[in-house]
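Structure record follows, encoded as structure tokens.
Each ligand, and each atom within it, is numbered from 1 in the order the structure gives.
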Amino acid sequence: MVNTCGFIDAAKEESIDALLEAAGVAARNGARLAAVGCLVERYREELEPELPEVDLWCGLDLAPLLAAFVQWGGEEEAIERAGAAGRGTDASVEPASGHRAAPAAASPARRRSRPVSAYVKISDGCDRRCAYCAIPLIKGDYEVVPPAEVLGQARAALVEGARELVLVGQDTSRYDAPGYGGLDRLLADVAALGPAWVRLLYLQPDGVDARLLEAMGRHTLPYVDVPLQHASRRVLTAMGRRGDGEAYLELLAKVRRELPEATVRSTFLVGFPGETEADVDELVAFIEEARLAVAGVFAFDPQEGTRAATLDGQVPEGLRLERAARVGAAIDRAAAPYWEGLVGRTVEALVEHGRRGQPSAAVGRIAAQAPDVDGIALLEGPRLRRGRLCRARVVAAQGYDVTAEVEAR
Ligand code: SF4
């Protein structure tokens with residue numbers, strides 16, 4: 001089963017490459033091949049005649065996949081688990097700068113191989129309609145995942161051995177379920193299930209208020225993932241987004257007042273139609289002041305069906321990539337003091353997997369590192385069993401990675 005992504009061209013190409021590779025494996029092994037997910041939802045008619053090797057096409061509704069899987073002799077329970085976990089998930093996407101942008105969720109296959117951390121979807125779709133974004137065209141309007149279902153997913157992940165629950169959705173700060181309440185209650189209920197860490201991703205800036213920050217202070221890691229996209233008001237307005245650099249600096253100050261230990265992550269998009277060199281200068285100046293710990297940057301990639309694809313003032317591709325590289329370098333420079341500042345500090349770390357032939361070394365993450373999109377922690381010390389939450393002293397920082405010595409107890 002290949003879970004595809006149709007978000008931007010790079011992701012589409014990666015999905016098609018994965019399908020071709022899987023078709024070869026399936027042919028050699030006499031296996032069946034199913035293509036599922038966002039790319040199929042959007043481009044099934046075009047894809048089907050091109051890839052006759054695929055046995056089953058299935059967009060975001062996985063019911064036909066379940067039926068076919070049972071018919072093919074699979075275990076119903078296994079595919080139900082994959083379906084619940086992968087409902088509407090996207091592949092991760094590698095933007096131009098080399099900084100990875102956050103995926104909407106990990107693929108079931110990836111999670112199975114790393115159950116220390118599990119993604120839990122709390123909403124799907126988006127009503128915001130940013131001019132460059134194809135997600136609402138694929139996923140449709142915002143829809144809340146009912147709290148009972150969220151908590152069911154979370155319980156199932158914990159039973160399977162997850163120690164960290166990562167709550168995702170396109171617009172997580174908006175969570176509000178009729179007759180239940182908002183994100184503050186959901187965070188409390190998820191935390192009450194007893195995971196080692198709860199991490200919340202994709203907070204739209206206008207949803208980060210005092211109530212949410214207070215709830216995060218109680219129930220989640222102090223990790224604030226807030227996609228800002230730009231700092232120039234002119235560009236943000238053209239994108240159909242609110243705010244500007246000044247408002248965002250105030251927001252970050254508020255975040256740091258409420259959560260002094262906060263690791264702040266963001267995402268930026270450069271080369272949007274009409275963007276000038278002065279806009280990029282403004283963004284770089286913002287990044288220098290914002291003290292973000294980590295950020296991803298995308299070069300604008302016009303997507304069929306979006307407003308931005310037909311706007312005047314398209315920036316040539318070479319220039320888009322150049323700007324992304326410049327902003328990426330600014331992000332690296334601005335983030336370095338954050339990671340160097342951790343050296344000598346004792347922090348929490350989660351052990352993910354051992355290192356072959358090295359019993360006293362393992363790979364894991366500290367609270368400041370989200371799975372799949374951020375750096376890793378090279379851990380050294382005794383009893384580094386998978387899933388252990390420990391205290392570790394950071395002894396070195398290498399870019400966005402750290403080396404840390406785990407305390408005996
Ligand atoms: S808020 Fe995010 S998902 Fe929604 S339209 Fe904008 S970029 Fe796309």
Side-chain angles (χ1 to χ4, degrees), residues 4-12 37-39 41-42 60 87-96 99-106 119 121-145 166-176 183 200-209 212 224-244 247-248 251 265-275 283 295-311 320 324 327 370 373:
T4 62
C5 176
F7 178 39
I8 57 171
D9 288 355
K12 292 176 194 167
C38 295
L39 185 75
E41 181 76 17
R42 196 152 182 229
L60 297 177
R87 193 169 302 128
T89 57
D90 297 325
S92 61
V93 175
E94 189 92 27
H99 298 264
R100 280 182 295 151
Y119 291 89
K121 181 160 282 209
I122 68 168
S123 66
D124 209 357
C126 185
D127 290 344
R128 289 182 186 254
R129 305 292 187 266
C130 299
Y132 53 83
C133 181
I135 286 178
L137 303 174
I138 302 169
K139 300 283 188 94
D141 291 341
Y142 175 89
E143 220 178 299
V144 94
V145 176
V166 184
L167 307 186
V168 293
Q170 273 78 34
D171 194 352
T172 50
S173 45
R174 183 180 159 177
Y175 194 89
D176 193 11
L183 191 49
L200 178 63
L201 299 184
Y202 316 122
L203 298 164
Q204 293 300 327
D206 55 10
V208 181
D209 57 16
L212 174 61
V224 180
D225 173 39
V226 56
L228 300 173
Q229 308 302 3
H230 216 287
S232 153
R233 175 181 287 264
R234 216 177 56 76
V235 175
L236 284 163
T237 305
M239 287 176 170
R241 295 177 65 90
R242 276 175 263 170
D244 57 19
Y248 291 164
L251 174 70
R265 171 180 234 282
S266 192
T267 313
F268 299 103
L269 177 67
V270 293
F272 189 81
E275 183 190 66
L283 175 56
V297 57
F298 281 99
F300 172 70
D301 181 6
Q303 290 303 299
E304 171 184 22
T306 61
R307 243 180 329 120
T310 56
L311 285 177
R320 283 185 248 144
V327 170
V373 291

Okay, side chain of [X], backbone of [Y]: is any donor-acceptor separation there less than 3.5 Å?
X: Ser266; Y: Val226; value: yes
X: Tyr175; Y: Val145; value: yes
X: Arg128; Y: Gln170; value: no
X: Thr172; Y: Leu201; value: yes
X: Arg265; Y: Val373; value: yes
X: Gln204; Y: Asp171; value: no

Other residues, nucleotides, ligands: >12 heavy atoms within 6.0 Å of Arg242 CZ = no
Does Lys139 come within less than 4.0 Å of ligand 1, judged by its heavy atoms?
-> no
For [X], take its heavy atoms, then give the atoms of ligand 1 lying under 4.0 Å from any of them.
X: Arg241; result: 1 (S), 6 (Fe)
X: Gln170; result: 3 (S)
X: Arg128; result: 1 (S)

Could you check [atom] against the protein and tell me its nearest heavy-atom contact, residue, atom and distance included?
atom: atom 7 (S) of ligand 1; value: Tyr132 OH, 3.3 Å
atom: atom 4 (Fe) of ligand 1; value: Cys126 SG, 2.2 Å
atom: atom 8 (Fe) of ligand 1; value: Cys133 SG, 2.3 Å
atom: atom 2 (Fe) of ligand 1; value: Gln204 NE2, 3.9 Å

From Cys130, does some N, O or S atom reach closer than 2.8 Å to atom 6 (Fe) of ligand 1?
-> yes
Pro136, portion touching ligand 1 at heavy-atom distance under 4.0 Å | side chain
